[in-house]
Number of protein chains: 2
Amino acid sequence: MTDATLRDVARASGCSVATVSRVLAGTRPVGAETAERVRAAAEQLDYRPNHAARALRSRATGTVGLVLPQITNPFYPTLVRELTRALHADGRAVLLADCDDDPAAEAEHIADLLARRVDALLVIPAHERRSREAVAAAAARVPLVLMDRGCGPGVADSVAVDNATGMDLVLDHLAATGRRRVCFLGAAGTASAAAERRLAYESGAGALDPDAPGRVFLGDFSVEWGRAAVDEAWHERPDALVCANDLIAVGALQRLQQRGADVPGQVAVTGFDDIPMAALSAPGITTVRQPVAELAAEAARLLRRPPEHGSRPHRTIRLAPDLVVRDSSAPQQQSGHGTSEVSEVAEVTEVGEVSEVGAVKDMTARPEEAQ
Amino acid sequence: MTDATLRDVARASGCSVATVSRVLAGTRPVGAETAERVRAAAEQLDYRPNHAARALRSRATGTVGLVLPQITNPFYPTLVRELTRALHADGRAVLLADCDDDPAAEAEHIADLLARRVDALLVIPAHERRSREAVAAAAARVPLVLMDRGCGPGVADSVAVDNATGMDLVLDHLAATGRRRVCFLGAAGTASAAAERRLAYESGAGALDPDAPGRVFLGDFSVEWGRAAVDEAWHERPDALVCANDLIAVGALQRLQQRGADVPGQVAVTGFDDIPMAALSAPGITTVRQPVAELAAEAARLLRRPPEHGSRPHRTIRLAPDLVVRDSSAPQQQSGHGTSEVSEVAEVTEVGEVSEVGAVKDMTARPEEAQ
DNA sequence: AAAGTTTCGGAAAACGTTATCAGCACCTGA
DNA sequence: TCAGGTGCTGATAACGTTTTCCGAAACTTT
């Protein structure tokens, strides 16, 4: 019992394959009565179009490749969920490739996806420098959007969170709640998240204390570094630790608790990204929530654009994040342990106005893009 | 500059398309000299086979659909990584669909993947009962393997961890380290993980204490329940909390620490699954590690099987897990805080012999399957 | 040397769509 | 009445492979 084809539907409805195709694809008007007959026959035969044949003929597979460095990075699962949701809403399927942080594997996966004739690619580059070549080559063949990280200037369209705004939100919040001696626990390197967050801290922290921009400790984006960094930063007697991502914050929080420090009474801890673990820590970690659904929607929108010929300027879209205030940065007066929901809800309103400010910043700012 | 096709390669190498196809696909022997010419031309033209055309002609897309309930469930990212790795090794690409715990969305995704002519499906059912229909229908059309969870008997092949063995490992470890008053913090319901782990606890805990099998507290698989469950279980004055998964264990650990209880000095905590958070907690949580890579390999192997005609008995494969001992269950004598690596390594050897016992249990136990 | 057997290569028919082209009927306005 | 639309529909040619069928050599075997 093999599947029904257009031929079968045509035979059953007494018209030609061309007509059936037109009815089902809606590409050209067809007589109302005929159309009804065709639809009935298709329904009755349980006709399902063959995507392979369609792809061959129309040169479009309805498929997007998603290439990421490590699905186990705790920030990516939500991003993947939102991306697949946004793309499915456009009727596109998602081919997933995890390249295990290896640029060579990444290049292979990209080549394989291109051979599979994906309509477009979504890439979170594994490496700032070493991903560049493969990404650029792919971008020359299909629409390609970089997400979350960059890989050099002028390679392709890109969508990411506005790290500077996020860091400002954190520093404003800490200032407003009376913290003065802050330290930054960050990541070394030139990758966008590491560098942008570091620079934003350095340029923004001066408002709290002229010396604050100098109190920077750099490692990598890991819990282990968060733990170790506390031992280094402790000599500065900080009353707040601003961490460049949530993993660092989790590690810092653990080490502080091991040392018997009171969080947030003695020292506040903040993260970045709002991975699930940030909410599940005790106390919950105040952090910057990336607007994941919106990032995904922007990426999907860029991929929907018709493939213009000739080189057009690449678009860099930055979306402003929200601050999620949890207990790890509660004001010192009341050492507010316990359920975090109250303070979180209270701050969410304050957050609303901020997120409104920076809805979408399209750096190329073409007029026709504004809706 | 469009892609090179077989025609182009044929023209360039002075032979027919058929010959080129044979050389490149290796389906039939071809003269050495001709083959060399073809390969050179293909290389020179940077020929890439068109998967759409190939799929149309050979009725195989080289694509597998992966349907899961929630990519944000912290156990799934590693599983997804290992599955994609195993499938890519077979030259198959992975179409990902996240159905957000909604059986209706799951059914839609399955239908879409079938329309896209996936060669096979890998499904982690969203619901024990409500996923059954769509899964059964799909299994009738393509090879289908259920993972992690079941959805009723006799629906399809399935691969999962051996929950009973895992629970035994935990109970043996607790007994060996002197724990006697254990409680079980589990999940209600009939889903396989919830039920099997609960039953295994009830049948195994008697060895520690005749009353232990009765000390069972049921909620769901969440951190919140773990926190709440501690308050219920605390009246039993336990010296060990056996949790049905790592999220519950994380919550339990947090609540215990909030109450000022000493973990592991006063009470041990164990989890199940070995999600990343278990290792990153402080103290690290002793847990049962699912053999994720092996589960993925088994699933891939089942999908590789040629599609036998007629109904064959479904295979249920259970793989034995390992115990990962971390500080949350360190012996009470030495209240061993600090680095967990030492005790973990020490136990790993003990674990080795256990994992050897239950390498692969193929419940259908066909002789030709044993290698 | 004739008859089989193997080996290699080409022509051409699928696979199930979509797109192009042309035909047919029917109108509309001179 | 006829030229020129304006729907609607059907044949048919792609799309780029794989695969079947055949023929032509080149070897074996008798």
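Values below: every heavy atom of this structure, side chains too, minus hydrogens, waters and symmetry copies. The chains referred to below are lettered A, B, ... by the order of the sequence lines, with proteins before strands, and numbering in each begins at 1.
Counting only heavy atoms from C-beta on, A/T5 has its side chain closest to C/dG16 among C/dG16, D/dG16, C/dC8. For A/A25, the side-chain atoms get nearest to C/dT18 when compared with the rest of C/dG9, D/dT19, C/dT18. When the nucleotides D/dT19, D/dT18, C/dG9 are ranked by their closest atom to the side chain of B/R54, D/dT18 comes out on top. If you check C/dG10, D/dT9, D/dC15 against the side chain of A/V30, the one that comes closest is D/dT9.
Here D/dC15 presents its C1' atom at 13 Å from CG of B/D3, a figure rounded to the nearest Å. Here C/dG9 presents its P atom at 9 Å from CD of B/E33, a figure rounded to the nearest Å. Rounded to an integer number of Å, the gap from A/R7 CZ to C/dA14 P is 10 Å. Atom CZ in A/R48 sits roughly 13 Å away from atom P in C/dT17 (whole-Å rounding). B/N50 places its CG atom 17 Å from the P atom of C/dG16, with the value rounded to the nearest Å. The CZ-P distance, from A/R116 to D/dT17, rounds to 14 Å in whole Å. The distance from atom NE2 of A/H51 to atom C1' of C/dC15 is 16 Å, rounded to the nearest whole Å. Put simply, CZ on A/R11 is 13 Å from P on D/dA11, counting in whole angstrom units.
Contacts of B/S21 with the nucleic acid, taken as non-hydrogen atoms under 4.0 Å apart, include base atoms. Residue contacts for B/R59: at a heavy-atom cut-off of 4.0 Å it reaches the sugar-phosphate backbone alone, with no base atom in range.
Annotation: side chain of B/V155 is not in contact with side chain of B/H314 (no heavy-atom distance under 4.5 Å). Taking the side chain as every heavy atom from C-beta outward, B/P143 and B/D119 never approach each other to under 4.5 Å. Put simply, the side chain of A/V94 does not reach to within 4.5 Å of the side chain of B/L95, judged on heavy atoms.
For C/dT17, the OP1/OP2 oxygens have no side-chain nitrogen or oxygen of A/S58 closer than 4.0 Å. OP1 or OP2 of C/dG9 has at least one side-chain nitrogen or oxygen of B/T34 nearer than 4.0 Å. Taking 4.0 angstrom as the limit, B/S16 places a side-chain polar atom (N or O) nearer than this to OP1 or OP2 of C/dG10.
Along DNA chain C, the nucleotide nearest to B/A32 and the one nearest to B/A53 differ in position, and the one closer to the 5' end is contacted by B/A32.
The base of D/dG10 is paired with the side chain of A/R22 by a donor and an acceptor separated by under 3.5 Å. One N or O donor and one acceptor, one from the side chain of B/R28 and one from the base of C/dG9, sit under 3.5 Å apart. The base of D/dG16 does not come close enough to the side chain of A/R117 for any donor and acceptor atom to sit less than 3.5 Å apart. Put simply, the side chain of B/R57 and the base of D/dT18 share a donor and an acceptor less than 3.5 Å apart.
No more than 12 heavy atoms of other residues, nucleotides or ligands sit less than 6.0 Å from atom CD of A/E133.
Residue B/Y47 forms a side-chain contact (heavy atoms from CB on, under 4.5 Å) with just one option from B/L6, B/D8, B/D3, and that option is B/L6. When each of B/V67, B/D100, B/L68, B/D98 is paired with B/E106, the side-chain contact (heavy atoms from CB on, under 4.5 Å) condition holds for B/V67 and for no other.
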